[in-house]
Each structure stands twice: as C-alpha cells, then as structure tokens.
Number of protein chains: 4
Amino acid sequence: MPKLKPDTQRARREHILDAAEHCFARSGFHRCTMQDICKEASVSPGALYVYFSSKEALIAGIAERNRADFAARFADLADSGDVVQALRSLAQHYFVDEPAHKQLMFVEIGVEATRNPQVGEIYRSVDEFCSASFEALFERLKAEGRINPELDVLSLSRVFEVIGDGLFWRRATDPNFDAARTIPAVMRTIETLLGAPLQSPQAAPRMVAKEARQ
Amino acid sequence: MPKLKPDTQRARREHILDAAEHCFARSGFHRCTMQDICKEASVSPGALYVYFSSKEALIAGIAERNRADFAARFADLADSGDVVQALRSLAQHYFVDEPAHKQLMFVEIGVEATRNPQVGEIYRSVDEFCSASFEALFERLKAEGRINPELDVLSLSRVFEVIGDGLFWRRATDPNFDAARTIPAVMRTIETLLGAPLQSPQAAPRMVAKEARQ
Amino acid sequence: MPKLKPDTQRARREHILDAAEHCFARSGFHRCTMQDICKEASVSPGALYVYFSSKEALIAGIAERNRADFAARFADLADSGDVVQALRSLAQHYFVDEPAHKQLMFVEIGVEATRNPQVGEIYRSVDEFCSASFEALFERLKAEGRINPELDVLSLSRVFEVIGDGLFWRRATDPNFDAARTIPAVMRTIETLLGAPLQSPQAAPRMVAKEARQ
Amino acid sequence: MPKLKPDTQRARREHILDAAEHCFARSGFHRCTMQDICKEASVSPGALYVYFSSKEALIAGIAERNRADFAARFADLADSGDVVQALRSLAQHYFVDEPAHKQLMFVEIGVEATRNPQVGEIYRSVDEFCSASFEALFERLKAEGRINPELDVLSLSRVFEVIGDGLFWRRATDPNFDAARTIPAVMRTIETLLGAPLQSPQAAPRMVAKEARQ
DNA sequence: GATGAATGAGGCTTCATTCAT
DNA sequence: AATGAATGAAGCCTCATTCAT
C-alpha cells in the first residue's frame with residue numbers, strides 16, 4: 001500500500017491527539033483507556049499504534065502540543081508593547097474563553113511531568129522558557145524605566161509565575177471559579193507589583209471596594 | 001488476638017495511611033497498586049482491607065487526613081493576632097519544612113477531586129472553609145482599620161487563594177523551586193496588597209533588588 | 001482452661017450446624033462464607049474451627065445430620081403397618097410442613113455429593129439404605145399378599161425412588177409448587193402402582209377429575 | 001484480523017460454551033474458575049470476555065442453551081402422534097445416550113435458578129412451557145378419547161413433571177443409575193397413569209417380575 | 001496501511017484459615 | 001477455649017499491546 005501523504009499523516013495524528021485530549025480531559029490520563037480514545041477518534045487500535053507507539057507516547061504528544069501552544073502564546077507577551085494588555089488577553093484566553101477542562105489538562109500534564117521523564121522534559125522546557133521570558137521582559141521594562149527601578153527582577157518573575165500557576169489551578173479545579181471578579185483583582189495586583197499603572201491605566205483602576213462589586 | 005484497643009486501631013489506620021501517602025506521592029494514585037502499599041506498610045492485603053474497604057476509600061482517607069490537617073493549620077491563621085507572621089509560618093511549614101512530595105499529594109488530591117465525587121466533597125469543603133476564613137479575616141482587619149479600608153474583601157480573598165494555590169503548585173511541581181527567594185517576595189506582595197506593613201514591619205522590608213540577591 | 005462438658009460441646013456443635021444450615025440454605029454452599037456462618041452463630045472463626053476443621057467438614061456435618069434425620073424418618077416407613085399412611089405423613093413433613101429451603105439443602109447436598117467424596121459417601125449410604133428399605137418393604141408386602149404379586153420389586157423400588165426424588169426437587173426448586181394438588185395425585189399414582197388401595201382406602205380415592213378440583 | 005463473520009463468531013461462542021459446560025459439569029459453577037474454562041477452550045481470558053461479559057453471563061449462557069435445547073426436544077413431544085414412543089425416545093436421549101454429566105448440568109442450573117435471578121428467569125420460562133405443553137397434550141388426548149376421560153389434566157401434569165424431575169435427578173446424581181431397569185418401569189407407570197397401553201402396546205408389556213430381571 | 005480479535009500480565013478484592021493474645 | 005485481626009493464595013476482570021488477515 002502506498003505511503004500516506006505527509007499531510008494526511010499529520011492530520012491523522014492531530015485528529016487522534018484531539019480525541020485523546022477529549023478523553024484525557026474527561027477522565028484523566030489513567031482512567032482513560034486506549035479503547036476510549038479509539039472510539040472517540042473512530043480509529044482502530046492497530047491504526048492508533050501506527051501513529052503513537054504507546055499510551056505514554058500519546059500523553060507525551062498531548063503534553064507537547066499543549067505546552068507548545070502555551071509557549072507560543074506566551075512568547076507574544078514578551079514582545080508586546082503593552083504588557084498588561086497582553087497579560088489581560090492571555091488571561092481571557094486561558095481562564096475565560098477556553099473551557100475549564102483544557103486547564104485541567106494543563107494541570108494533569110504538570111502532575112504527569114513529575115513522574116514521567118519524557119513529559120517532565122517537555123513541561124520543564126516550557127516552564128524555563130517562561131521564566132526566562134519574564135526575566136527578560138522585566139529587565140527590559142526596568143531598563144526602559146517603565147517599572148519601579150528598585151524591583152528585583154528574579155523575585156518578581158517568581159511571583160508572576162506563582163500567580164499564573166495559581167490561576168491555572170483555580171480555573172482547572174474550582175467549578176465555581178469567578179473569572180469576572182478574580183481576573184481584574186489579579187491584574188490590579190500585578191500593576192501594584194510593577195509599581196505603576198503602566199500602559200493601560202484606563203483598564204485597571206485601583207482595586208477598591210466600590211468598583212469591584214460584581 | 002482479642003479486640004484491638006481503639007488506640008491501636010487508630011494507630012494502625014494511620015500507619016497504613018502513611019504508607020499509602022508515600023506510595024501515592026511516589027507514583028500517583030493510579031500507578032500505585034494496593035500491593036505496593038501493602039509492602040510499604042508491611043501489611044497483608046487482607047489486613048489492609050480491614051481498615052479500608054477499597055482503593056477509593058484509601059484515597060478518600062488520604063484526602064480527608066491531608067485536608068483536615070490543612071484546615072486545622074489554616075484555622076489558626078484567622079485567629080492569629082499577627083496575620084502576616086502566621087502566614088509566614090504556614091508558608092514555612094508547607095513550602096520549606098515539609099518535603100515536596102507532600103505538596104504533590106495536595107495537588108493530586110485536587111485533581112482527583114475533579115473526577116471522584118467523594119474526594120471532591122472533601123476537597124471542596126476545605127476550600128470553602130478557607131474562602132470563608134479569608135473573608136472573615138479581611139473583614140475583621142478592615143473593621144479594625146488594620147488594612148486599607150477601600151479594599152474589596154471578596155476580591156482580595158480570591159487573590160490570596162490564587163497565590164496560595166500557586167505556591168502549592170510550584171512547590172509540588174518544580175524541583176528547582178527556590179523557597180528562599182520566592183516566599184519573601186510573595187510575602188512582600190501580600191503586604192503590598194493589604195496596603196500596609198502591618199504587624200511585622202521589621203520582618204518584611206520592601207522588596208528591593210539589593211535584598212533579594214540569592 | 002478446663003475442657004467443656006461433652007454435652008456443652010455437642011450443643012455448641014449443633015448450634016453452629018444450625019447457623020450453617022441457615023446460611024447454606026439462604027445462599028448455597030459456595031456463596032456462603034465462613035464469616036457469614038460465624039455471624040449467624042455469634043461465634044468467632046477461631047471457635048468455629050474448634051468444632052469443624054474446615055468448610056468441607058462443616059458441609060459434611062450438615063449433610064450427615066440432614067441425611068441421618070431423613071434416614072430415621074424413612075426407617076419408620078418400612079416398619080409401618082400402614083405404608084400408604086406413613087408415606088403420606090412423610091410427604092406432609094417434607095413437602096408441606098418444612099420450609100422449601102430445607103429441601104433445597106437436600107438438593108444442594110445431593111449435588112455436592114457428586115464432587116465431594118466425603119459428602120458422597122454420606123449421601124450414598126442413606127440412598128442405599130432407602131433402596132434396601134423399599135425392596136424389603138415391597139418384598140414383605142408381596143409375601144403378605146398385600147400388593148400385586150406379579151410386581152417386580154426392584155423396578156418398583158426404582159420408580160418409588162424416582163418419584164421421591166422428583167418431589168424433593170420440585171419442592172426445593174419450584175416456588176409455585178402446589179402441594180395440595182401434587183401430593184394427592186402422587187399418592188394415587190403410588191396406590192395404582194401397588195395394584196390396590198391398600199391400607200387407607202378411604203383416604204385415597206381414584207384419581208378422577210371431579211375429585212381433584214383444588 | 002478484520003471483523004469475524006457472524007458464523008465464526010457464533011461458532012466461537014458455542015465453542016466457549018462447550019468448554020464451560022465441561023468445566024462446570026466437572027466441578028460445579030462455583031468451583032470452576034474462569035481460567036479453567038480458558039484452558040479448556042484454549043482461549044485467553046481477554047478473548048473469553050469478548051464473548052461473555054462475566055462469569056454470570058457465561059452461566060446464564062449455559063443455562064439458556066441447555067434449556068432451549070430441552071424446550072426444543074420437549075416441544076416435539078406435544079406434536080407427536082405417538083406420545084409414549086416420543087417419551088421413550090426423549091428418555092433414551094436424556095437418560096441413556098447423553099452422558100450423566102449433562103444431566104448434572106441440568107440439576108446445577110436448577111439450583112442456580114434458585115439464587116440467580118437471571119438464570120431463574122430462563123429456568124422458569126422453560127419449566128412453565130413444559131407445564132403448559134403437558135396440559136395441552138393431555139387435554140387433547142382426553143378430547144380424542146385416547147386416555148381415561150376421568151383423569152384430571154392438571155394433576156396428571158404435575159405427576160408427570162415430578163417423574164421427569166426425578167429421572168433427571170437420579171441420572172445426574174446416582175452413579176449406579178440403572179437405566180435398563182428404571183426407564184421401562186417408569187414407562188409402564190406412565191401408561192398405567194394414562195389408563196391404557198395407548199399407541200405402543202407391543203413395546204410396553206405389563207410390568208411383571210419375569211420380564212424385569214436385570 | 002487498517003482492522004479488530006486476541007493476548008496475558010497484572011490489578012483489585014475475597015475469604016478459608018491461622019495464631020498471638 | 002475463645003477471640004478476631006491477620007495472612008496470602010487465588011479469583012474475576014481489565015486493558016495496553018500485538019498480529020493474522
């Protein structure tokens with residue numbers, strides 16, 4: 001039989017990955033069986049194993065794609081002229097537009113990274129990229145005099161990471177997560193941290209009681 | 001072997017729970033087998049099943065204990081006169097003194113809560129308790145004029161939760177987590193959020209570069 | 001500790017046997033656990049094993065008692081002057097007075113006899129005793145001229161056994177077993193077989209439609 | 001291995017059912033393990049579970065097949081012109097030609113029917129079909145004047161059932177079952193019950209001693 | 001390349017039996 | 001003698017993976 005065209009191959013792979021993501025999100029990596037995924041993708045086990053050599057490989061594939069996507073979006077942040085606005089739209093995407101189960105996927109990948117070296121490597125590489133991006137960004141902002149010049153860039157980056165992680169966790173984990181209240185409050189915190197209202201003063205008024213009424 | 005004294009029974013239960021926590025932390029709820037736990041606890045399957053009627057029950061037991069412990073420690077926070085100091089020591093406990101794998105347990109429980117109703121209930125009840133505690137605490141601090149009177153208590157609570165979650169996640173997930181840098185930085189953020197150095201001004205100097213050198 | 005008086009011992013044994021019979025009747029030999037029996041008898045496993053060395057032994061004990069009881073009742077039959085009346089009262093006992101689950105016990109023992117040599121021996125010995133009793137009885141009745149002198153005693157015995165077995169089976173197995181209709185009909189069959197109304201003519205009229213109305 | 005043809009599927013199912021019947025007959029439903037059956041059928045557990053979703057389902061499958069076969073053979077009886085001859089050949093089949101262990105299967109199913117609702121339903125449906133067939137048959141014979149017109153059809157049916165059950169039981173249970181003596185004797189009893197030699201007078205001489213010598 | 005039936009190791013759990021107290 | 005917690009072999013079933021077609 002003639003080899004499938006590379007495009008078809010790639011499409012098939014993505015299709016399987018989509019199905020797997022669905023199933024994994026629905027029931028978690030370990031509760032989800034290969035049969036579930038085959039059914040979801042309308043593909044036979046034999047076919048699936050042509051594209052992914054094992055369940056681990058499938059998980060790694062999911063992690064790869066998920067993290068690559070995140071890295072791509074995150075990369076824009078550092079290049080952005082209006083950082084706060086960029087953060088805001090990142091937040092909109094991950095914590096409002098995308099369904100919660102996608103964030104649960106993120107969390108699940110992070111946990112898997114802890115025990116599965118292959119996933120660990122993928123996860124850590126993106127994490128380190130984010131750290132480095134933050135640091136570069138703050139260094140730049142500092143050099144440009146746009147944030148408090150006394151700030152410690154490394155520490156600031158760590159705090160940003162913690163806040164980002166916390167948001168992912170909340171969004172993934174708390175069915176009552178209230179984006180409308182939490183995200184603006186977090187944004188204001190960030191502005192405070194940076195020491196100035198920055199680029200979007202009109203969008204981020206001080207965090208005071210009368211304005212935060214939901 | 002006449003009836004075990006209730007104390008012994010409880011001790012045995014705790015012993016098994018300890019072993020299970022070890023195993024679960026090492027390999028995750030679903031990669032860890034009952035036999036692993038039996039071996040870790042030096043107990044036969046039959047004996048284990050005297051104390052826990054199923055693997056689910058064991059997971060629920062772990063969740064229960066872990067969360068109850070957290071709730072107890074957290075409860076002290078609200079009663080504490082020196083909130084910042086109390087936060088600091090909570091952080092010291094969870095992010096420095098305790099081994100990382102305990103925090104991984106926390107994370108694993110949170111993920112499990114998403115899929116397993118029994119664990120979900122345990123998890124959510126503690127989460128709600130924390131939310132309520134934060135709100136009560138900030139309300140009190142506000143009434144006492146110890147924090148910025150313009151702050152929105154609800155939003156502030158949400159931000160605190162996000163920061164707490166993020167710290168748990170980082171600690172659990174990042175083998176290079178740098179407590180020495182991250183925790184002070186987070187504490188300073190918190191103080192900033194509250195609008196004043198509060199009770200422990202000497203312990204939380206401004207977050208400036210020269211002090212944060214690693 | 002001083003040895004229990006033989007009487008107490010025997011009583012304890014019977015008590016356990018009673019409990020076991022209950023459980024076995026309720027759920028069958030193999031679905032019933034030793035714990036079930038312990039609970040039913042309010043006895044600890046350790047104590048039970050003092051009286052019965054294994055589950056097999058307990059089953060054998062049940063079989064022994066059940067069959068011995070049957071043999072005793074059956075023995076009366078052969079000695080009885082009024083055979084038909086004796087049969088009638090035996091039928092009354094086993095198929096009306098005793099609950100169906102006791103007959104299910106009988107059946108279960110018969111099946112067990114097929115695979116368990118110890119039970120097999122018990123079962124077969126009673127069965128052979130019954131065969132021999134029937135043969136002796138019919139021989140006697142024949143000699144006394146009370147039944148058709150042309151009858152073949154061996155064949156007649158076989159038929160009787162088949163009918164007896166069938167009744168046990170029906171009673172044990174059919175929740176809608178209608179004793180009021182079946183037993184009289186069977187009794188009339190038996191009289192027909194024996195070739196004469198025998199001793200109780202008034203009690204066993206011919207089997208005709210108008211009389212058999214329930 | 002593309003989809004098996006329905007025929008092959010059915011054959012595979014039957015093959016497994018055969019193996020299971022062997023094992024069950026040999027050691028009883030509850031002593032027989034799924035592994036035993038797999039070995040007997042030369043099939044892996046996984047394959048077995050493609051065809052039967054549980055041990056219960058396998059038992060139900062056995063019951064279904066066994067009873068359906070019986071019902072089919074029994075159905076012929078009612079249609080038969082020569083009832084006695086039909087009975088005779090049914091008896092030949094079940095109590096002579098077929099090995100005893102098949103009848104033990106019958107018995108085991110009847111016992112299981114008592115505890116297992118699914119099997120109970122199968123068993124009872126066939127039993128009721130037999131009752132109804134007997135009643136219809138006797139009604140017809142009566143209407144045609146071929147049996148004693150005074151007989152009570154219901155009672156007669158009950159007696160027939162009892163005799164049939166008894167024969168199954170004996171055949172299943174008694175390793176010394178003497179078909180050569182018992183079956184003719186039972187047949188003669190039946191003829192007597194029906195009130196006339198009926199269709200096959202030459203085949204069923206009176207039950208007298210000189211003929212029944214073993 | 002695809003199919004899907006088949007494999008078989010291994011997971012969770014039960015339960016007859018033992019034995020320290 | 002009695003207790004009941006403990007043992008551990010074994011049972012039922014699942015599921016990642018393979019392979020004949």
Side-chain angles (χ1 to χ4, degrees), chain A residues 1-5 8-9 12 30-39 42-58, chain B residues 1-5 8-9 12 30-38 41-58, chain C residues 1-5 8-9 12 30-39 42-58, chain D residues 1-5 8-9 12 30-38 41-58:
Chain A
M1 226 163 260
K3 211 173 181 79
L4 249 45
K5 281 188 303 180
T8 317
Q9 291 238 26
R12 206 94 101 196
H30 298 290
R31 267 192 258 264
C32 163
T33 74
M34 292 303 258
Q35 281 299 336
D36 293 343
I37 297 168
C38 288
K39 223 163 279 170
S42 307
V43 146
S44 67
L48 193 157
Y49 273 81
V50 169
Y51 296 95
F52 296 91
S53 63
S54 69
K55 195 180 181 183
E56 294 254 302
L58 200 45
Chain B
M1 193 182 280
K3 208 172 186 83
L4 250 42
K5 284 185 301 182
T8 316
Q9 293 236 26
R12 212 90 103 193
H30 298 291
R31 262 193 265 263
C32 163
T33 74
M34 291 306 259
Q35 282 297 342
D36 293 343
I37 296 169
C38 288
S42 306
V43 144
S44 67
L48 193 158
Y49 274 82
V50 168
Y51 295 94
F52 296 92
S53 63
S54 67
K55 194 180 181 184
E56 292 255 301
L58 198 45
Chain C
M1 224 163 262
K3 212 173 180 81
L4 251 45
K5 284 190 302 184
T8 317
Q9 292 237 27
R12 207 93 101 193
H30 298 290
R31 266 191 260 262
C32 164
T33 75
M34 293 301 259
Q35 281 299 339
D36 292 343
I37 296 169
C38 289
K39 223 162 279 170
S42 307
V43 145
S44 68
L48 193 157
Y49 273 82
V50 169
Y51 296 95
F52 296 91
S53 63
S54 69
K55 195 178 180 184
E56 295 253 301
L58 199 45
Chain D
M1 192 181 281
K3 207 169 186 85
L4 251 42
K5 284 185 301 181
T8 316
Q9 293 236 27
R12 212 91 103 195
H30 298 292
R31 263 193 264 264
C32 163
T33 75
M34 291 306 258
Q35 284 297 343
D36 293 344
I37 296 169
C38 288
S42 306
V43 144
S44 67
L48 194 157
Y49 275 83
V50 169
Y51 295 94
F52 297 91
S53 63
S54 68
K55 194 179 181 184
E56 292 254 300
L58 198 45

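Computed from a predicted model, the values in this text were never measured in an experiment. Lettering of chains follows the sequences in order, A, B, ..., and the numbering in each one begins at 1. Only this structure's heavy atoms are used, side chains among them; waters, hydrogens and symmetry mates stay out.
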Query raised in the report: Between A:R12 and E:dG1, does any side-chain N or O lie under 4.0 Å from OP1 or OP2?
Result: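 A:R12 to E:dG1 OP1/OP2: no side-chain N or O under 4.0 Å.
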Query raised in the report: Side-chain N or O of C:S44 less than 4.0 angstrom from OP1 or OP2 on F:dG4?
Result: no
Nearest 0.5 angstrom please: [X] [atom1] to [Y] [atom2], how far?
X: B:I37; Y: B:L48; atom1: CD1; atom2: CG; value: 6.5 Å
X: B:R12; Y: B:K5; atom1: CZ; atom2: NZ; value: 11.5 Å
X: D:Y49; Y: D:S44; atom1: OH; atom2: OG; value: 11.5 Å
X: A:M34; Y: A:L58; atom1: CE; atom2: CG; value: 5.5 Å

Report summary line: Answer for the Watson-Crick or wobble partner of F:dA1, both distances under 3.5 Å, is none
Query raised in the report: With both distances under 3.5 angstrom, what nucleotide forms a Watson-Crick or G-U wobble pair with F:dT17?
Result: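 Matched F:dT17 with E:dA6 under the 3.5 Å cut-off.
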Between [N] atom [atom2] and [X] atom [atom1], what is the distance in whole Å?
X: C:I37; N: E:dT17; atom1: CD1; atom2: P; answer: 11 Å
X: A:K39; N: E:dG4; atom1: NZ; atom2: P; answer: 12 Å
X: C:H30; N: F:dG11; atom1: NE2; atom2: P; answer: 13 Å
X: B:K3; N: F:dG4; atom1: NZ; atom2: C1'; answer: 8 Å
X: B:M34; N: F:dG8; atom1: CE; atom2: C1'; answer: 15 Å
X: A:D36; N: F:dA16; atom1: CG; atom2: P; answer: 8 Å
X: D:R31; N: F:dA10; atom1: CZ; atom2: P; answer: 16 Å
X: D:Q35; N: E:dG10; atom1: CD; atom2: P; answer: 14 Å

Ignoring hydrogens, what is the shortest heavy-atom contact between [X] and [Y]? Give both atom names and the distance.
X: C:P45; Y: C:Q35; result: CG-NE2, 3.7 Å
X: B:R31; Y: A:H30; result: NH1-CE1, 3.5 Å
X: C:A47; Y: C:V43; result: CB-CG1, 3.8 Å

**Report entry** Residue closer to the 5' end of DNA chain F, B:G46 versus D:A47 (nearest nucleotide)
**Finding:** B:G46
Query raised in the report: Checking all strands, does D:C32 fall into the base, sugar-phosphate, or nothing category for heavy-atom contacts under 4.0 angstrom?
Result: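 If one applies the 4.0 Å heavy-atom cut-off, D:C32 turns out to touch the sugar-phosphate alone, with no base involved.
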Query raised in the report: DNA chain E: D:Q9 or C:Y49, which has the more 5' nearest nucleotide?
Result: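 This one resolves to D:Q9.
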Query - Contact list for DNA chain F against residues 50-57 of chain B - heavy-atom distance below 4.0 Å - result: B:Y51
Requested in this report: Among E:dT17, F:dA16, E:dA9, find the nucleotide with the atom closest to the side chain of D:P45.
Outcome: E:dA9
